[in-house]
Amino acid sequence: MEKGLFKKIVLSLAGLLVGLVIAVYLSAQLNPEAEAAAAFGGKNISVDGVPDDVVQAALKTYVPPGQLDEYYMFASGGHSGNVFVYGVPSMRRIRTIPVFTPESAVGYGWTTESKEMLGEWSWGDVHHPALSETKGDYDGRWLFVNDNANSRAARIDLDSFRTSQILDIPNIYGPHSAVFMTPNSEYFMLGSRFAGPIPYGTYSPIENLSKDYNCVLAAVAIDPNNGEMSVGWEVLMPPWSFDLSDAGKLDSEGWAFLTTYNTEEAYELLEVNASQREMDYVVALNWKMLEQAANEGKYKIVDGVKMIDPLDVPGSVYLVPAMKSPHGVDVTPDGKYFIANGKVAPVATVFSFEKFKECIDNKDFQGEERGFPVVNYEKVRVAEVPVGLGPLHTQFDGNGYAYTTLFIDSTIAKWSLDTFEVVDVTPVHYCPGHLCAAEGDTVSPDGKYLVSLNKLAKDKFLSVGPSHPESAQLIDLTTDKMKILMDVPTDPEPHFAQMIKADKITTWEVFEKDPSQPGAVYEKENARIERDGNNVTVYQMGFRSRYYPDHVEVNEGDHVTWYLTNTDFDEDITHGFGICLYDLNAEAQPGETIKFEFVADKAGVYPFYCTNFCSALHQEMQGWFIVKPKGL
Ligand code: CUK
Ligand code: CUA
């Protein structure tokens, strides 16, 4: 073939190819539905030997290189004390955020700041994350979580994805019904799981449970400017256990709804004795009224906190009968209904907030218990939806449907908030506890995705021995029938998660230069070591690929305060810092100054090095910490 002709053919073929790629790209831009499919060149693909629904599920979860997930999902890490961040729909785990437990990957628990936050505790049990809200919608500013074990709450700032504050909550044993957010993040609330004598450390024999033990509801106030948490006030409650609760919204704004179990007040063999009564309660609290009582001084101080006895504030607490040991309670997006999930009873009971208010106005009570009026069940309940066995939690899609997990059935039931009929059921694997819908706890859920957070994974993943992971399953809500798209393993334990549209969160790329911050050093001329008696302060900086200074000599027994500033302001250039054989490890993000303190109690020579691969000369980023023995 003639050389010129060959060239022409090659060029026009190349042109065709470029045109095709552009066409596929443009069609993907015009039709976001087809975005994932476009990566394969078209929507209705069939692959030999692969069922069509599997191909479609793969397309719906595939996020091609260069593209990003549509949602963040923040999942509790249970007794790991962490929060896990997933991208949805890919279900890739993007990040672990340490909260209540040290995490050497980022030096959390070694730096002075994180050490002080963790205090004396070595672990925590994160159950329920809650995103901050404005007008009932997630606003992408903060994430709050509870510690069911050591009675704490924490704030994670979503500009840095870091734990920024940990708050001790007095007077609550196992703040399990938490955290749930009021619609404008005025408060998040926590209710006790375990009854106990308050304050902590008080002795009373277990037989005195009914008399001396209490549960408590705490309202933690959130500073709207910076998210700073402080205990606003607490409410003294009977020794009944609370499960995950919810705040009223729109129509029911100003109220909080808590489910109880063990209104029997049993203290032994709870498995049997806490399920004696046919009915327990949803406790409805008018938090605006209680807030006012706190402002008016109607409280006692218990362990430094304003403790309100609700019997001193008539009209602030009512009991709504609910079937046998209910589990979670959930408020519908419009705030019109609150739903008690039966757990032992095979129903989700739907209560009308309007009817509840009518009962209060007409004093339509069927009795009272512990001084609280019990509203008339028949009047307030609008439906008992036969969802199946073991209903635990409910979420919403914004299209008029509710989704309830059935722990015993290993299913999720979809049911109508209009007809209160079950319209679809899907098996999940296995034993779901919570579930998480896209923007599912807001006044305007997105539908689209639902994640089932399952307690057992059994045969779902390659075996790793007797300890199995738990599992999460992504479910497509865009079709009439729920469809499982994919399974991913989760580590202990996905109690609850919240899913937020990714574009609502704006993160920092690097830390800003701030010469006013203590210990910060931005020029190598200022890097130095200062001594004041037995106190040595190191002002060190690190950048690709060395530390200034890279020799630090102290005397055995010195108290060392060490500042390290990462002066690489480029995105993703982290410098780590570990001192060999000194059990010391930290990490400084671009622009960040970290601080750690320790006593140089071992003499000798100890290399230190950058633990985070940062450049071609990362191996050279090292130095020596030299401790001169006493008496030398
Ligand atoms: S509780 Cu209901 S399944 Cu801790 Cu949220 Cu786990
Ligand atoms: Cu700095 Cu590796």
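Order of listing sets the numbers, starting from 1, for every ligand and every atom in it.
- A heavy-atom distance below 4.5 Å is not found between the side chains of Tyr72 and Met499.
- If you check which protein heavy atom lies closest to atom 6 (Cu) of ligand 1, you get His495 ND1, 3.0 Å.
- Nearest non-hydrogen protein atom to atom 1 (S) of ligand 1 is His176 NE2, 3.3 Å.
- Between atom CG of residue Leu392 and atom NZ of residue Lys343 there is a gap of 8.0 Å, rounded to the nearest 0.5 Å.
- With atom 1 (Cu) of ligand 2 as the vertex, SD of Met621 and SG of Cys614 span 110° to the nearest 10°.
- Looking only at side-chain heavy atoms (C-beta outward), His128 and Val179 stay at 4.5 Å or farther from each other.
- Ring orientation note: the planes of Phe257 and Trp255 are close to parallel, at an angle under 30° on the 30°/60° scale.
- Applying ring pair (Phe, Tyr, Trp, His ring centres under 6.0 Å) to Phe161 and the options Phe84, Phe74, Trp508 leaves one that passes, Phe74.
- Looking at His618, its N, O or S atom nearest to atom 2 (Cu) of ligand 2 turns out to be ND1.
- When the N, O or S atoms of His128 are ranked by distance to atom 5 (Cu) of ligand 1, NE2 comes first.
- Ligand 1 is approached by Lys455 to a heavy-atom distance shorter than 4.0 Å.
- Tested against Phe596 for a ring pair (Phe, Tyr, Trp, His ring centres under 6.0 Å), the candidates Phe608, Phe577, Tyr563 yield a single pass: Phe577.
- When the N, O or S atoms of His575 are ranked by distance to atom 1 (Cu) of ligand 2, ND1 comes first.
- Checking His434 against atom 5 (Cu) of ligand 1, an N/O/S atom falls under the 2.8 Å cut-off.
- Among the backbone and side-chain atoms of Asn612, none of the N, O or S atoms lies under 2.8 Å from atom 1 (Cu) of ligand 2.
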